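Right, one structure below, let's go through it.
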Amino acid sequence: MWNGSVSIPVGKHTVTNANGFDTDQWEFLGGVPANFTDATRDDLILANQKGYTVDQNIEIAVCNYHGEGFLVDESTGSVYDIKRTFQKDKSMMIQLSCERRPDGHI
């Protein structure tokens with residue numbers, strides 16, 4: 001059923017680097033099983049109407065999602081912004097419509 005895995009941010013803290021600048025360090029929940037599917041035509045149309053693009057639909061267990069704004073594909077290292085969520089009634093899965101960040105930075 002699962003064809004990949006993702007890392008989901010669970011928190012961040014600020015660290016001062018050697019030059020005295022504060023940088024954010026993210027902590028991730030890794031190895032979250034995920035099902036990667038292509039975006040449907042309806043997803044593309046809705047996204048276009050809202051002013052963004054959908055590159056990937058990612059389905060994960062709803063217990064692993066707590067409103068995070070992005071996730072990381074562990075196989076490629078690509079960072080995806082979560083643009084829309086959908087959960088069927090009484091389903092234990094949630095579908096995340098995601099847009100790939102062009103620069104790939106967290």
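The residues of the chain are indexed from 1 along the displayed sequence. Everything numeric here is computed off the predicted structure, so don't read it as measured data.
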Rounding to 0.5 Å, atoms CG (Leu44) and CD (Gln49) come to a distance of 11.5 Å
Does the cation-pi check pass for Arg101 over Phe70, that is, NZ or CZ under 6.0 Å from the six-membered ring centre and within 45° of its axis?
yes
When you compare the side chain of Leu96 with that of Ile60, does any pair of heavy atoms fall below 4.5 Å?
yes
Taking the side chain as C-beta and beyond, is there a heavy-atom pair between Asn17 and Val15 under 4.5 Å?
no
Are Asn57 and Asp38 linked by a side-chain donor-acceptor pair shorter than 3.5 Å?
no
Validation row: Val54, Tyr52 side chains within 4.5 angstrom (heavy atoms):
yes
Any non-hydrogen side-chain atom of Ile8 less than 4.5 Å from a side-chain atom of Phe28?
no
Out of curiosity, does Val32 fall in the hydrophobic cluster containing Leu71 (side-chain heavy atoms, cut-off under 4.5 Å, transitive links)?
yes
Would you call Val6 and Val72 a side-chain contact if the rule is heavy atoms closer than 4.5 Å?
no
Can you name the closest pair of heavy atoms from Ser7 and Gly30 and give their distance?
OG-CA, 3.7 Å
Do the two ring centres, one from Phe36 and one from Trp2, sit under 6.0 Å apart?
no
First locate atom CG of Asn35, then atom OG1 of Thr37, and finally report the distance between them rounded to the nearest 0.5 Å.
6.0 Å
For the CG atom of Asp81 and the OG1 atom of Thr53, what is their distance to the nearest 0.5 Å?
10.0 Å
If you measure from CD1 on Ile94 to CZ on Phe86, what distance do you get to the nearest 0.5 Å?
10.0 Å
Just so I know, are the side chains of Gln95 and Asp43 near enough to count as touching, which here means a heavy-atom distance under 4.5 Å?
yes
Check Gln87 against Met93 and note the closest heavy-atom contact, atom names and distance.
CG-O, 3.4 Å
Interatomic distance, OG1@Thr23 vs NZ@Lys12, rounded to 0.5 Å, equals 11.0 Å
Which salt bridge (Lys or Arg N to Asp or Glu O under 4.0 Å) pairs, counting each pair once, include a residue from residues 62-75, with sequence neighbours left out?
none
Compare all side-chain heavy atoms of Cys98 with those of Ile82 and state whether any distance is below 4.5 angstrom.
yes
To the nearest 0.5 Å, how far apart are OG1 in Thr16 and CG in Asp22?
4.0 Å
Under the 3.5 angstrom rule, does the side chain of Gln56 hit a backbone N or O of Ser97 as a donor-acceptor pair?
no
